[in-house]
Amino acid sequence: MGDYDHKTIEPKWQRLWDQRRLFHAPRDDKRTKYYILPFLPYPSGDLHMGHMRNYTIGDAVARFQRARGLNVFHPIGWDAFGLPAENAAILNKTHPRTWTEQNTARMKEQLRRFGFSYDWEAELSTCEPEYYRWNQWFFLRMLEKGLAYRKKSRVNWCPQCQTVLANEQVVEGCCWRHEETPVEQRELEQWFLKTTHYAEELLTDLDKLSGGWPERIRLMQRNWIGKSEGARVEWAVAKSDKVITTFTTRLDTVYGAVALLLAPEHPLVDSLIAGVPGGAAIARKVEALRRQTRRAQVTGEVEKEGIFTGRFAVNPLSGEQAPLWVSNLVLMEYGTGAVQAVPAHDQRDFEFAKKYRLPIKVVVQPREGKPLNAARLKEAFLGHGRMVDSGPYTGMESEKALQKMTDDLAKKNQAERATLYRIKDWGISRQRYWGTPIPVVYCDACGVVPVPDEQLPVVLPLEIEFTGVGLSPLLNVPEFLNASCPKCGGKARRETDTMDTFVDSSWYFYRYLTPHENAAPFDKEIVRRWFPIDQYIGGAEHAVLHLIYLRFWTKMMRDLGLVEHDIPVARLFNQGMVIKDGAKMSKSRGNVVSTDEMVEKYGADTARLFTLFAAPPEKDMEWTQAGVEGCQRFLQRLYRLVAKHAARVREAPVAVPGNPGPQAAEVNPDERHLLRKAHQTVRRVTTDFEARWHFNTSIAAIMELVNELYLLEPLEEHVSPAVLNDVLRKTVLLTAPYAPHAAEELWEQLGNKQTVVETPWPSFDPELAKEELIEIVIQVNGRVRSRLRVSETLNKDELNERALADARVAALLKGQRIVKIVVVPRKLVNIVLAS
RNA sequence: GCGGAAGUGGCGGAACUGGCAGACGCACAGGAUUUAGGAUCCUGUGGCCGCAAGGCCGUGUGGGUUCGACUCCCACCUUCCGCACCA
């Protein structure tokens, strides 16, 4: 019989699954497809239990759906390019490729030891030329379509990474990897992808994702895209031929504008202050404002301030002159870098006006409450209402005035409706070695020239030296740097910037289906059959980066005619974090639980089981040693039980089509009880998988079933082999998605030749699951005073009668007047007494 | 400041549609087995009062709706997360 020994069981079944290719999903198959995958992991070196939670959840679902008869595709691969590999190269003199390969091999081994049901034949690594070649190919297509372009721009520079960061990688003014390092600003020529081209579509698609993607993620993306509708309005500068364009969503308040504010970086600032008295002093102030980092401005480390330029601008509607100020209140990055200042109706303008003693002019009166008085205003009024002091618009509703003013100005070509998005184009240039080379060359004669498709891939040279200083190390590789121009054949210099690794992760899930296809990024027909992804699983930290880029990429591919759908991912699941000692499990916090140690000491099954049992998967869970031991104890308990009885029951007849298994009529009361519990458990676990993924309650239900079995020990005295066989088989099959190795071992002991993986999910009989007698609670004034065990067919009147006849209830009713009796069939009787 | 999620025993959590609060697990206590310990099996375990039967209190706080509220409504407190001059 022996004891539960995970060390022999787990490798045994892993080998067998592997040999028999049980997790390979035939791309062409009549069964319904189910495409489930975890986020692409970065090979950072070592997996800990925090990472494993993601894979454990996905694997349980994959195994369940496979048992349900679906053709499950469950791939994994490696996000193999990126900065850490290069930083490691600088520190340890290992080549990024070597470092990456070592880490990948190590993590792959760790995943294998957990027995996840991946289709390893689909494995891919983004640093392989056969993969990144297609990044380059896509880039060229986008270049042709005008979706990729180059511009000089002020970029975020992290002095730690020595590289440019995308806006998304800047967290509160600091680097997302180095939270203590403030980001600096630099001017560089950069490659951009036009994500803004799809801003509107990316926004409206969020509605279609309702139900499939978590509300939280959709909201974050909506804020990120940040649509706002308004108008661009032209203000002439007095005594000048210059015109300043503002953007506003509240043109209705324009009569209340007491100033026009310009961002310090606004291109007209220098020429406007050039000839003005005191211009030199103003210029010095502007210079000081420009030196402030955006971080300082946003976090309020520096005060909101400004300076009057000595110039005036003409209000396009009132004709009044408004003083022109330069202020760090205004951002050059958003809108036009110029805004109307309306203190009465904008809180920021209100505070600015108070500070500089600018007048305050109310032009919209609220519909309810006291009318506003400019002199006594404590804060800006942001709502809509009735227009006052606004020339011909006075008396109108402000919403109407907004439209009318825009139309009126538009007729004079002084305004146009405009929609602005907060989302920016995606800067993909990285001054780094370990990434996809951007396939263009710079020719002295022809300028920027794309590398022709036939010359792809532009291969990253492997012979390279890392000094850790300066820009890209590729600048020191003449064989790479020096190219000939594809157009004129003359001397050209190759682009040394590489692509942001978010490019790699934007489309890898298409490549999984045909990872070695070499005529195209993927097989269109196979993709058509397998998309969208049925279930994507990963952490919420990628809510606005990866998960917007991948939607962008699909839009772009749709416009290239490569795919027909708009949304690549039908359902998204965000698992919670793993907490240890009060903090998120992470290497930097030093509170990681090693997966190797877990497998060694408790086994993968125990680790997996605990991961799912400790909390529902979307919530944070706390890792505790005692909890892990409890789960191991359960597996041992199950193992001992099955092992003890296997020999006796395995020859008994088995429920198959034609023989539905033991029925109610043929069994004794103990057996009836056990069968009922078993069928109830199958129902509970099945519905938990289908509806809400609360594996903690599923596992609790299986534990209850096992407890019932123990209470009937010695089982041979109470339960026939046929019934016991049926119940044990169900128990093992239900356990399999959570603890697949132990399940296989026990399944084999029960005399099965097929693996669990090849065995259909157990079904349940609703009739057998039904309780014969149900418990009805009798309440008096809402307090439980007694209970009845009755047949569930009893109707209201019968229940009423039985409740009043109850001895304990009758005693309480003596001398009391009954006001009302509430009867809820199958639940309770509540007798309400006069007070 | 704005938006979101969440607050239940000593701990992790359960209660799915307004109907028995605390499933399951941990921890703890008692018993069986054992030379002993460990392991295993069984029993108990929200608080207070009581020998017991039983009673009272109890889901962050205060109010409300209801025969009945962890669940719905209002106000507030705490924690976590996201956004944060977006004109």
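In what follows, chains carry the letters A, B, and so on, assigned in the order in which the sequence lines appear, proteins first and then strands, with residues in each chain numbered from 1.
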For this session: Take the protein atom CZ of A/R232 and the nucleotide atom P of B/A87, then report the distance between them rounded to whole Å.
Result: 13 Å
Exercise. So, A/E713 and A/K644, do they make that salt bridge, N to O below 4.0 Å?
Worked result: yes
Exercise. When we call it a touch if two heavy atoms are under 4.0 Å apart, what does A/G226 touch: a base, just sugar-phosphate, or nothing?
Worked result: nothing
Exercise. Does B/C67 have OP1 or OP2 sitting under 4.0 Å from an N or O in the side chain of A/K820?
Worked result: yes
Exercise. Is any side-chain N or O of A/T336 closer than 4.0 Å to OP1 or OP2 of B/A87?
Worked result: no
Exercise. Closer than 4.0 Å, any side-chain N/O of A/R637 to the OP1 or OP2 of B/C41?
Worked result: yes
For this session: Name the orientation class of the two ring planes belonging to A/W693 and A/F573 (parallel below 30°, tilted from 30 to 60°, perpendicular beyond 60°).
Result: tilted
Problem set entry | Nucleotide nearest A/E704 (side chain, heavy atoms from C-beta), chosen from B/C24, B/U40, B/A15 | B/C24
Problem set entry | Atom C1', compared across B/G19 and B/A29: separation rounded to whole Å | 34 Å
Exercise. Within less than 4.0 Å of OP1 or OP2 of B/A39, is there a side-chain N or O belonging to A/R640?
Worked result: no
Exercise. Which residue lies toward the 5' end of RNA chain B, A/N830 or A/E229, if each is placed at its nearest nucleotide?
Worked result: A/N830
Exercise. Quick check, are the ring centers of A/Y738 and A/F689 under 6.0 angstrom apart?
Worked result: yes
Problem set entry | Length of the line joining A/Y710:OH and B/U43:P, which is rounded to integer Å | 14 Å
Exercise. Just checking A/Q340: base, sugar-phosphate only, or nothing, at a heavy-atom cut-off of under 4.0 Å?
Worked result: nothing
For this session: Report the nucleotide, chosen from B/C85, B/C56, B/G25, that has the shortest atom-to-atom distance to any side-chain atom of A/L329.
Result: B/C85
Seminar exercise, completed: To the nearest angstrom, the CD1-C1' distance between A/I217 and B/C81 comes to 11 Å
For this session: For A/L219, report the nucleic acid contact type (base, sugar-phosphate, nothing); a contact means any heavy atom under 4.0 Å.
Result: sugar-phosphate
For this session: Pick the P atom in B/C80 and in B/C74, then give their distance to the nearest Å.
Result: 25 Å
For this session: Would you classify A/V339 as touching base, sugar-phosphate or nothing, given that sugar-phosphate means primed atoms plus P, OP1 and OP2, and contacts are heavy atoms under 4.0 Å?
Result: base
Exercise. Considering every strand shown, what is the Watson-Crick or G-U wobble mate of B/C2 when both distances are under 3.5 Å?
Worked result: B/G82
For this session: Would you please confirm or rule out a distance under 4.0 Å between OP1 or OP2 of B/G25 and any side-chain N or O of A/N707?
Result: yes
Seminar exercise, completed: The answer to which of A/G782 and A/D349 contacts RNA chain B further toward the 5' end, by nearest nucleotide, is A/G782
Exercise. In whole Å, what is the span from the CZ atom of A/F350 to the P atom of B/C85?
Worked result: 20 Å
Exercise. Taking 4.0 angstrom as the limit, do A/R216 and A/E618 come out as a salt bridge?
Worked result: no
Seminar exercise, completed: The nucleotide from B/C26, B/C83, B/G13 with an atom nearest the side chain of A/R422 is B/C83
For this session: Ignoring hydrogens and angles, state whether a donor on the side chain of A/N707 or A/R637 is under 3.5 Å from an acceptor on the partner side chain.
Result: yes
Exercise. Looking only at side-chain N and O atoms, does A/R633 come under 4.0 Å of OP1 or OP2 in B/A27?
Worked result: yes
Exercise. Contact class for A/D620 vs. all strands (heavy atom < 4.0 Å): base, sugar-phosphate, or nothing?
Worked result: sugar-phosphate
Exercise. Can A/E351 and A/K354 be counted as an ion pair, charged N to O under 4.0 angstrom?
Worked result: no
Seminar exercise, completed: Whole-Å distance, A/M220 CE to B/G3 P, equals 16 Å
For this session: Assign A/R218 to base, sugar-phosphate, or nothing according to its heavy-atom contacts below 4.0 angstrom with the strands shown.
Result: nothing
For this session: Please tell me if the side chains of A/Q680 and A/F764 come closer than 4.5 Å, counting only heavy atoms from C-beta onward.
Result: no
Exercise. Taking the same atom, P, in B/C70 and in B/U61, what whole-Å distance lies between them?
Worked result: 12 Å
For this session: Could you please name the partner base of B/C41, counting Watson-Crick and G-U wobble pairs only when both distances are under 3.5 Å?
Result: B/G31
Exercise. Using the P atom in both, what is the distance from B/U45 to B/C24, to the nearest Å?
Worked result: 12 Å
